[in-house]
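Below is one structure, written out as structure tokens; the observations come after it.
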Amino acid sequence: MKIATWNVNSVRQRQPHVTRWLEINSPDLLLLQEIKCETRAFPAESFSSLGYESVAVGQKAYNGVAILSRLPFTVTQRHLPGLELPETGEHQARYVEVEAGGITVGNLYLPNGNSGGADGYAAKLAWMDALTAHARTLLAAETDFILAGDYNVCPTDDDMAPGIMGADDALVRPETRERFRALQWLGLTDAVRAVTPRGSVYTFWDYQAGCWPRDRGLRIDHAMLSPRVAERLLDAVPDRAVRDEVQPSDHVPMVVTLR
DNA sequence: ATGACCCGCGCAGCGGGA
């Protein structure tokens, strides 16, 4: 079973890249983040013609997540349980979850946390707390699951090119990393680090400053596996070749292979 | 080198990204 996650930075800009990638790699599921369109504008037909049915949770201009699957699936969540919604306005489109092939697959786009001042960062931490609580619920029900997507977290200094971010950046602050570790302490496995314990395994390179040619990247896209799923782990690796394509996303797909 | 890019929105330039 092959499950991939990819922040595409606008699905309408990246639709050719996504269909090409599906044709070459044939994952069972592909989790997309930052589709940056309303649900009704999601180009589902271009994927269903390749054998992938989809569920999209979008909003205007920002955020937005979708899951493509060539396996039969049922939608189990369209937002992260336990998050208090703002009193005004719609909640942000950052979570969708399906059950497919006997596994619950959560697709998440965690807030960056660098905009909106102190409130913006507090919202990121609250989101992470809600994710941990949801993971705890799934574990209590003995559900096999994977929580994958753009976490906007560099778990350790090994996950970022030297000097690329200040210590006060929301992606690396101690409170952020502490909450990422809380997921691991529940018993979840960081798939990439289970396969490659040390060294740079980047999934993102900024468009600016020649970050990609100089390999100055970040590891911020992750797949966290529940214990029984972790026992089935064969491989977890980013597909770096995609970053060399014309007009690429700044993230590349990260592919998890299970027995 | 304090530099550099890309997206949506909407038609200039800004907020957001990480």
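By convention in this document, chain letters (A, B, ...) are assigned in the order of the sequence lines, proteins followed by strands, and residues within each chain are numbered from 1.
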Atom CZ of A:R136: over 12 foreign heavy atoms under 6.0 Å: no

Distance, P atom - from B:dC7 to B:dA18, rounded to whole angstrom: 13 Å

First encountered from the 5' end of DNA chain B, between A:M165 and A:Q13: A:Q13

Sugar-phosphate only, base, or nothing, as touched by A:N112 at under 4.0 Å among non-hydrogen atoms: base

Sugar-phosphate, base or nothing in reach of A:D150, heavy atoms under 4.0 Å: sugar-phosphate

C1' atoms of B:dG15 and B:dG10, separation to the nearest Å: 14 Å

Neighbour count above 12 (heavy atom, 6.0 Å) for A:R214 CZ: yes

Residue mapping more 5' on DNA chain B - nearest nucleotide basis, A:N7 or A:V11: A:V11

Sugar-phosphate only, base, or nothing, as touched by A:R14 at under 4.0 Å among non-hydrogen atoms: sugar-phosphate

Sugar-phosphate only, base, or nothing, as touched by A:E34 at under 4.0 Å among non-hydrogen atoms: sugar-phosphate

Shortest non-hydrogen contact between A:P27 and A:Y52, atoms and distance: O-OH, 2.6 Å

Touch class at under 4.0 angstrom, heavy-atom based, for A:Y202 against every strand present: nothing

Electrostatic pair A:R219:A:D190 at N-O distance under 4.0 angstrom: yes

Closest non-hydrogen atom pair, A:R78 against A:V57: O-CG1, 3.8 Å

P gap between B:dA4 and B:dC14, integer Å: 15 Å

For chain A, the stretch of DNA chain B it reaches, first to last nucleotide, under 4.0 Å of its heavy atoms: B:dA4 to B:dA18

Note: A:D215-A:R243 ion pair, threshold 4.0 Å (strictly below): no

Touch class at under 4.0 angstrom, heavy-atom based, for A:R216 against every strand present: nothing

Sugar-phosphate only, base, or nothing, as touched by A:I164 at under 4.0 Å among non-hydrogen atoms: nothing

By salt bridge (charged side-chain N to carboxylate O under 4.0 Å, His left out) - contacts of A:D129 (at least two apart): A:R179

